[in-house]
Chemist: 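Attaching a single structure in structure tokens format; questions to follow.
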Amino acid sequence: MDSKSLGKLHKPLRRAVTDAIRESILSGRYAPGERLYEDRLANEFGVSRNPVRESFQALAAESFIELEPRRGARVAEIDRRRAQELFEVRGALEGLVAALAAERGKQTSSFALMSIAEAGVDSAARGDLDDLPMLNTRFHDLLADMAGNRLLTETLAQLSGVIRWIYAARLTDRVDGSWAEHRAIATAVGAGQAMLARSLAEDHVGAARAAYLDG
């Protein structure tokens with residue numbers, strides 16, 4: 001994203017820079033282990049070094065980059081132990097989200113959830129993978145919204161970026177199975193079956209973990 005595009009975004013400058021760097025990491029433009037330099041990024045975005053420095057702090061908190069004393073920043077690498085920890089936390093949280101969504105979700109939201117799941121199933125069947133990361137994010141964001149627990153939503157939001165990163169890394173490995181699982185979760189949520197929705201969501205994360213760690 002160039003400085004002109006950055007300037008057109010109606011959001012605080014630090015947030016715009018943070019979002020731009022995050023998207024560059026997610027897209028693979030900045031590879032794991034690659035060093036990031038404040039002055040180069042400031043020049044690229046046409047900003048001072050301050051918003052870049054602030055964005056580094058935010059991205060470090062999200063686990064996208066690592067800050068090293070006297071050496072600056074580099075794109076993080078998700079090793080096996082870190083991925084395992086992330087999946088353990090996500091499995092517990094997503095299970096709770098699905099159960100609460102089944103108990104509290106409105107019918108209109110359930111229809112929307114199923115619509116997203118069906119769109120993912122259709123895209124996967126066609127081999128059209130470009131929209132799947134966005135659909136995956138929309139599905140889980142709506143599920144969290146249906147759960148009606150702001151603290152839970154905020155906690156998942158802190159992990160959502162890294163989850164997208166991991167999801168993109170193994171997108172083609174289990175695309176059909178993943179979206180069949182999304183549809184099953186949506187069906188259980190729509191039917192108000194909280195325990196089944198929890199179990200399916202936990203199994204969904206477990207399958208993603210197996211694909212990432214053992215693939």
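Along the sequence shown, residues carry numbers from 1.
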Chemist: Could you walk me through whether Arg81 and Glu85 pass salt bridge (Lys or Arg N to Asp or Glu O under 4.0 Å), step by step?
Modeler: CA-CA 6 Å; Arg81 177 179 177 180; Glu85 292 173 348; 3.4 Å; yes
Chemist: Just by modelled atom types, is the Ala31 backbone N or O under 3.5 Å from a matching donor or acceptor in the Glu34 side chain?
Modeler: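 Between the backbone of Ala31 and the side chain of Glu34 there is a qualifying donor-acceptor contact (under 3.5 Å).
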Chemist: For the hydrophobic clusters of this structure (ILVMFWY residues joined by side-chain heavy atoms under 4.5 Å, transitively), does one cluster hold both Leu100 and Met114?
Modeler: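 The answer is no; the residues belong to distinct hydrophobic clusters.
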Chemist: Taking the side chain as every heavy atom from C-beta outward, state whether Glu66 and Val75 have any pair of such atoms under 4.5 Å apart.
Modeler: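 When only atoms from C-beta onward are counted, Val75 and Glu66 do not touch, as no gap falls below 4.5 Å.
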Chemist: In terms of hydrophobic clustering (I, L, V, M, F, W, Y; side-chain heavy atoms under 4.5 Å; direct or indirect links), are Ile185 and Phe111 co-clustered?
Modeler: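 Looking at the clustering, Phe111 is in a separate group from Ile185.
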Chemist: Membership question, hydrophobic clusters at under 4.5 Å side-chain separation (ILVMFWY): are Tyr37 and Leu59 in the same one?
Modeler: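 Looking at the clustering, Tyr37 is in a separate group from Leu59.
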Chemist: Within the side chain of Ser109, is there an N or O that forms a donor-acceptor pair under 3.5 Å with the backbone of Gly105?
Modeler: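 Not confirmed, Ser109 side chain does not pair with Gly105 backbone.
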Chemist: List the atom of Ser110, the atom of Gly190, and the distance in Å for their closest heavy-atom pair.
Modeler: OG-CA, 3.8 Å
Chemist: For Thr153 versus Ala144, what's the shortest heavy-atom pair and its separation?
Modeler: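 The answer is OG1-O, 3.5 Å.
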Chemist: For Met195, does the CE atom sit with more than 12 other heavy atoms under 6.0 Å from it, leaving out its own atoms?
Modeler: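 At most 12 heavy atoms, drawn from other residues, nucleotides or ligands, come within 6.0 Å of this atom.
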Chemist: Under the criterion salt bridge (Lys or Arg N to Asp or Glu O under 4.0 Å), I'd like the reasoning laid out for Glu68 against Arg35: C-alpha separation, chi angles, the key distance, then a yes or no.
Modeler: CA-CA 11 Å; Glu68 301 174 325; Arg35 293 218 166 270; 2.8 Å; yes
Chemist: Show the numbers, then the answer: is there a salt bridge (Lys or Arg N to Asp or Glu O under 4.0 Å) between Glu88 and Arg82?
Modeler: CA-CA 10 Å; Glu88 287 173 352; Arg82 188 171 165 208; over 6 Å; no
Chemist: Does Arg80 reach the main-chain N or O of Leu213 with its side chain, forming a donor-acceptor pair under 3.5 Å?
Modeler: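 Yes, Arg80 side chain to Leu213 backbone: donor-acceptor pair under 3.5 Å.
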Chemist: So, the side chain of Arg104 versus the backbone of Ala147: is there a donor-acceptor pair under 3.5 Å, distance only?
Modeler: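 Between the backbone of Ala147 and the side chain of Arg104 there is a qualifying donor-acceptor contact (under 3.5 Å).
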Chemist: What class does the angle between the rings of Phe87 and Tyr212 fall in, given that below 30° is parallel, 30 to 60° is tilted and above 60° is perpendicular?
Modeler: tilted
Chemist: Taking atom types as modelled, is there a side-chain donor on Arg40 or Asn43 under 3.5 Å from an acceptor on the other?
Modeler: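 Per modelled atom types, Arg40 and Asn43 side chains form no pair under 3.5 Å.
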